[in-house]
Number of protein chains: 2
Amino acid sequence: MSKLAWLSVLACAAALHAETGYDAWLRYAPLEGAALDQYRQAVPAVVSLLDASPVAMSAQAEIVRGIKGMLGRTLREESSIPRENAIVIGMAGEVRGLLPAIDLAPDAFWLRGVTRGQLHFLVMTASNDRGLLYGAFALLRKIAMGESLENLDQRETPRAPARWVDQWDRLNGTIERGYGGNSIFWENDHARHDLTRASDYARLLASIGINACSINDVNADPRLLTPEYAPEIARIAGAMRPWGVRTAISVDFGSPQTVGKLDTFDPLDQKVAAWWKARIDALYAAVPDLAGIVLKADSEGRVGPSAYHRTHADAANVVARALAPHGGLLFYRGFVYDHHMDWNNPKNDRARAAYDNFQGLDGQFDANVIIQIKNGPIDFQVREPASPLFAGLEKTSEAIELQVTQEYFGQAKHTVFLVPCWKETLDFQMGHAAVKALVHGFVGVVNAGLDENWFGNHLSQANLYGFGRLAWNPDLTSQKIAGEWTRQAFGPNPKVDQTVAQILLTSWRTYENYTGPLGLQTLTDITGNHYGVNVEASERNGWGQWHRADEHGVGMDRTVATGTGYIGQYPKAEAERFESLATCPDDLLLFFHHVPYTYKLHSGKTVIQYIYDSHYEGADEVARYVEEWKSLRGLIDDERYQAVLAQLGYQAGQAVVWRDAVTTWFYRESQIPDARGRVDHYPGRVEAESMTLTGYTIRDISTPSPGRGNGRPVVTPAEDASGGKVVACPAGTASCTAATKFTGLPGWYKLHVEYFDQANGASQYRVFVNAQLVDEWHADLRLPSVRLDSTTSTRRTIAGIALRPGDEIRIEGTPDGGEAAALDYLEVVGQ
Amino acid sequence: MSKLAWLSVLACAAALHAETGYDAWLRYAPLEGAALDQYRQAVPAVVSLLDASPVAMSAQAEIVRGIKGMLGRTLREESSIPRENAIVIGMAGEVRGLLPAIDLAPDAFWLRGVTRGQLHFLVMTASNDRGLLYGAFALLRKIAMGESLENLDQRETPRAPARWVDQWDRLNGTIERGYGGNSIFWENDHARHDLTRASDYARLLASIGINACSINDVNADPRLLTPEYAPEIARIAGAMRPWGVRTAISVDFGSPQTVGKLDTFDPLDQKVAAWWKARIDALYAAVPDLAGIVLKADSEGRVGPSAYHRTHADAANVVARALAPHGGLLFYRGFVYDHHMDWNNPKNDRARAAYDNFQGLDGQFDANVIIQIKNGPIDFQVREPASPLFAGLEKTSEAIELQVTQEYFGQAKHTVFLVPCWKETLDFQMGHAAVKALVHGFVGVVNAGLDENWFGNHLSQANLYGFGRLAWNPDLTSQKIAGEWTRQAFGPNPKVDQTVAQILLTSWRTYENYTGPLGLQTLTDITGNHYGVNVEASERNGWGQWHRADEHGVGMDRTVATGTGYIGQYPKAEAERFESLATCPDDLLLFFHHVPYTYKLHSGKTVIQYIYDSHYEGADEVARYVEEWKSLRGLIDDERYQAVLAQLGYQAGQAVVWRDAVTTWFYRESQIPDARGRVDHYPGRVEAESMTLTGYTIRDISTPSPGRGNGRPVVTPAEDASGGKVVACPAGTASCTAATKFTGLPGWYKLHVEYFDQANGASQYRVFVNAQLVDEWHADLRLPSVRLDSTTSTRRTIAGIALRPGDEIRIEGTPDGGEAAALDYLEVVGQ
């Protein structure tokens, strides 16, 4: 190690405590004042571990770590019941002298205060080593939350035995739908040399009770089943094992042919069955505790049993039978649908697919097969009803698949706390039971990455936390989970607790408000990046995410009476509620029904006015988040304060892009004006195309640009830009300017510059008032588009500008690479 | 620019506001609440600049920048008196219509509120462009300090016209006595390609009224006078010029011979005079506003006029005459002394040197020569009386040289606020006048470097700030300066104001307490790094920093009656006060008198007991600073909070090293025990040499190690280690351990591990209690020694350890490079 500047070294030591978000909710921030005194009294000096398993050792080490962080004390690690007060950790048999024998389910734990003469023991017991670990995290959580340890008697049993996360990591190190950097497991087609991140991830997972992790993309790379990869999978499994997180993999159903060089992958072929058995035996030789396998077949281009006219049960069982002797599980994805549907057929309906494909097979799956069902019938849209398949399988194990990675939820560039959304599905009544009572497992698609804070957004960590907590106990409320996460992630300040939790708890509704409300789905570009606005992307293609909006009305008729019949897949009570306009909830109206724009919601508002209003409310709400966050300055660490402030500021601009694009589209389509006069009227806005331009050329963004987007012409929606036009600085031009004269009253103003931050360059922008430079920046965010569209449309806000009538406001853009330093508009807002 | 993780980019944007210390006291942190509202009312929207000079443009730009930071508003830059409220900046002639003509000295400014009809102008005027700039910084300071702008009428004139800083930067990029990284001006024998730091440094200097900067070491590299360097000097001058900071250089007096290839550098030789004229004319051709030249001659190995039996006046004048036609100044250093004095001669006295060398030449110096006199007669020691030369020159211009870089003040690894020390000299009465009234110039040796915070210690910035403020107005109090700096550097929180200022204002006395009190000088290693403890380094050598401590007594007899007669150099009143033990102040007693250890101070305490007590007080005080600093958590930014906490924690350990070494030395010498029983009795301390050692070998650190320290044998003082011995892990050994059994009562303890962080490696240490690892670290600070001595002796504190009788505490050291993972002792302290 080289010797650096002396204080840099000290400061680096300090930086180990820097709030990068790496520790997520396991910060163990120092307690102060009365809380510190209280727990220094209550927590004994010794933590004694009676069990010798590596996972139990993690439990003991974690208690030492957590207490050191929160109380500034290093507990003594001992290995027998000491003659002084102690925390005692052991299996039921090991703590016999202290606790009565009771039945504990696997992974359950029991924390109990026990007095023996003068001595007081805090006993932690379980029926397996993972249970001890979960008890340790529960104890530390109690302290972080400020809960009393007096008369402790807490027994917790996880609701579902299988609590898995899936990572869609590719062997090359990228992650499908990952927004927090590259893979913590893979790089350059091999397991990473340094698996510290994998181990630290497993610790985060263990802290919320997750007991397995699938380490590669469900769109699986067949190579993972070649013998060369077994030792690499074993290394990853070794990194996660001390945290009780078992490893699973995703496989490609065609592997017997592509990897095994058989002439078939027919699941009923004996050679194929033998091949699966041999490969899986070999896998277990390398990873004896492999949790199981995830399989996506016959969906989105993956091969499957249909190639041989076999059923999904045939496919699942051939793999499951190879797993069974080892105790492995087969998670078979219910996400199977035809993406070449004829959109002119009003009876076609992608929402029907999961039920149609699997319900008839109920009873044909082996016992170690679990059907993995997405929460809703489509694909993680901003709001969907629960999938009817949850009630459709009665003799088959099923798991609910929730998406922690925010694919359709702003891709971690927007803050959306998903627990209230998931709660809606879990609490969704399906005949005699709620969904949460029907599922045997929870699967979260997480896609954490190498970004220091795992997700690219500090607040997105709350989603992983919430997923784990719900998998453990789906009865927990959203408020409780938001409160727990906030307290652990940001420390004990009531103002912080209240503000962060409030942002989290309203964020889903807010996001829905400025994207696709009333069951319209997210209204993003479903054939592209799933990020920017694209109302029409749902229509006129085979992907089946139709909302059927036209000049007369909007919504997908899924009634039994006149529509696709999808509603008939629900149990009777739910079907009746959705079938009738009188009882169908507003929030799902357009998912189930096609209505005219003037249709009146239960609230009395028309559908079109609701679309307008909700978008303005959503955008306003994000602007308020920014102000609320600012009130936390100095109450939380500067590092995360600044990072989240920047994120929310970006989101506030993006919400306006969404607001304007969606309302414009519906206004153009419906021709019904906004009753409040906002849509298509933007006070203070000057379109770039109407400014005095030097160098800049005007582009109609909806002009198809041939050759992009997989070779097909790409049409950018006109509403992605205000007025449908932008100005762009042609390649080869040194710089361009757009200028306008200010004609308002003298005063203090805020300028919003709407520009385009494409992924293929980092243009520079400079803004002048008369001769005075008032702001400059580089367009260097990482946004998923190279086009001039709603994905790249970005807002820069310049506050505190003194303007006088006749002032010239001039924006100078300097293109870089393929990025055109483009501008949409300038908006001048009084302050 | 490459596209990074999207939020990293946002966070990087936020990091532009990160509190690295780069902006020092010019942070312009956002105001909030009532203060924000007040100034948004009081500050007009326009700042109009009537003058066109680049320096005046800096003034206008700085106001825009400062107001943007503090009020979040971008003022309009205009160039005439507008028809609305405005700040108006202009020379006296330019603001004629608004202000009456008054005489303003160069660099002075006048800020005045002026009402014209409905309009209100805040007018800023001066007689030169620098004055406008200083007015701008003064206005911004008023806002940062929360002072009212109502009825503004503030006129300030700097006390001294020459307010210089010297940088001891070498052309290779290192800095002599620089503790904040390498040079901002030079690297690889050339001016740095990127001079942004030079420009930003000039801005800092301008903000406190500094008007010139010498850019190279006073131990000058002759090459700087070769023609090749003129354009490089010009580039640096260009970087600083917009901030009104003129450039100066240091030269070597032998240059006519070494650079000019003459056969002499005799100042009275016509060829030599002609050479100086030609070179300086050439310099001015490149840098027309060169401020002047700094010259160190006949001192510490530099050649000088003595080579030709010429006087310092001859030497100064030959250069000054070449400068005069260009208006340049020649700063001639009074720091001239013989460092080969016979220490056995009780009449010899280095303190006499400056006066003896220069007083007789009074009247012989040209008008543009300024004698640059260090504050005290020795060399920036922890406490010295003012140099009598200040009163000794009546017909010669003189400047006071203060050392901002903390050479003898803990080298920025210790926090020492020097303003109270400097104030003592400036307020020092010399016959009819105080020193501050006698000097015509201020020179601060700053040595800021490339470290992000310029000095390697955030709090050390206060010294540069204080130097500039005193050079502008030496009547300012230490309290006022500490308050100004704290408020600007850390923002407006009363608790922060109070705590930081309290640390600053007591820090000099604290440092003196644990180093060399009573006028003993710093007691550091004066022949080595000037950092660690070395009481004997002052003695038995020709450098003349003698304190004459022996077994009977201590102090340097400088009386007229029996001593060196130095006291006679002072004007009569001061001489009489110092000559008499009855009136000599305790703080300078041992500087002026030799007394027995049992001599009673005015306080009634004996000298030896004072030495003991002060050292314990000093060390305790730094420990209190750490606790006081901790009370600021959350009230200031985390970044600087953590960095300063680490610095103060290190200093607290170092203060104990000093305490123990100095008290041990005096105890050994005097054989008089500490009345309070502390010296040589360290409860809870276990010497490493008495522990059970594996691999470690015991070393007596005072055994001379031949071949080091310029080839002479180096003797490390025995008192640099507790018990005189350490244990070191021999090179080639993988690791060593030192173990001891704990025998105290069960309870919570803090462990202090005293180890050695040498500069030639980064050993690893691990501490175990029984089998449990309780701490580990790398010894990787940058400390100026490769030896096992007080410079490298470093404390690691491990808090919150539960110990029981019989516990084994084991320290494992893993050497690295030349660093021996050495240990001095373990101290176990109850908590």
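All values below come from the heavy atoms of this structure, side chains included, with hydrogens, waters and symmetry mates left out. Sequence lines set the chain letters: A, B, ... in the order given, protein chains first and strands last, and positions in each chain run from 1.
Neither the backbone nor the side chain of B:Arg640 comes within contact range of chain A, judged by heavy atoms closer than 4.5 Å. The parts of A:Leu75 that come within reach of chain B are both its backbone and its side chain, each placing non-hydrogen atoms under 4.5 angstrom from that chain. Contact of B:Glu452 with chain A is not made at all, since no heavy-atom distance falls under 4.5 Å. Contact annotation for A:Glu32: only side-chain heavy atoms (C-beta onward) come within less than 4.5 Å of a heavy atom of chain B. For chain A, no part of B:Leu645 is nearby; none of its heavy atoms comes within less than 4.5 Å. For A:Arg804, the parts lying near chain B are the backbone and the side chain together; criterion is any non-hydrogen pair under 4.5 Å. Interface remark: B:Glu84 contributes side-chain atoms only to the contact with chain A (heavy atom separation under 4.5 Å).
Every residue was checked against the side chain to side chain donor-acceptor pair (under 3.5 Å) condition with A:Gln772, not counting sequence neighbours, and none meets it.
Minimum interatomic distance between B:Asp637 and A:Asp638 (heavy atoms only, all atoms of both residues): CA-OD2, 2.9 Å.
Counting heavy-atom pairs closer than 4.5 Å to chain A, the top residue among B:Gly817, B:Gly634, B:Gly800 is B:Gly800. For the options A:Pro746, A:Ala771, A:Pro30, heavy-atom pairs under 4.5 Å to chain B are most numerous at A:Pro30.
In this structure, the separation between CD on B:Glu78 and CG on A:Asn770 is 8.0 Å, given to the nearest 0.5 Å. Between the OG1 atom of A:Thr74 and the OH atom of B:Tyr749 there is a distance of 15.5 Å, given to the nearest 0.5 Å.
Proximity of a side-chain donor or acceptor of A:Lys68 to a complementary backbone N or O of B:Val774 within less than 3.5 Å is detected.
At a threshold of 4.5 Å between non-hydrogen side-chain atoms, the residues B:Arg76 and A:Asp807 count as touching.
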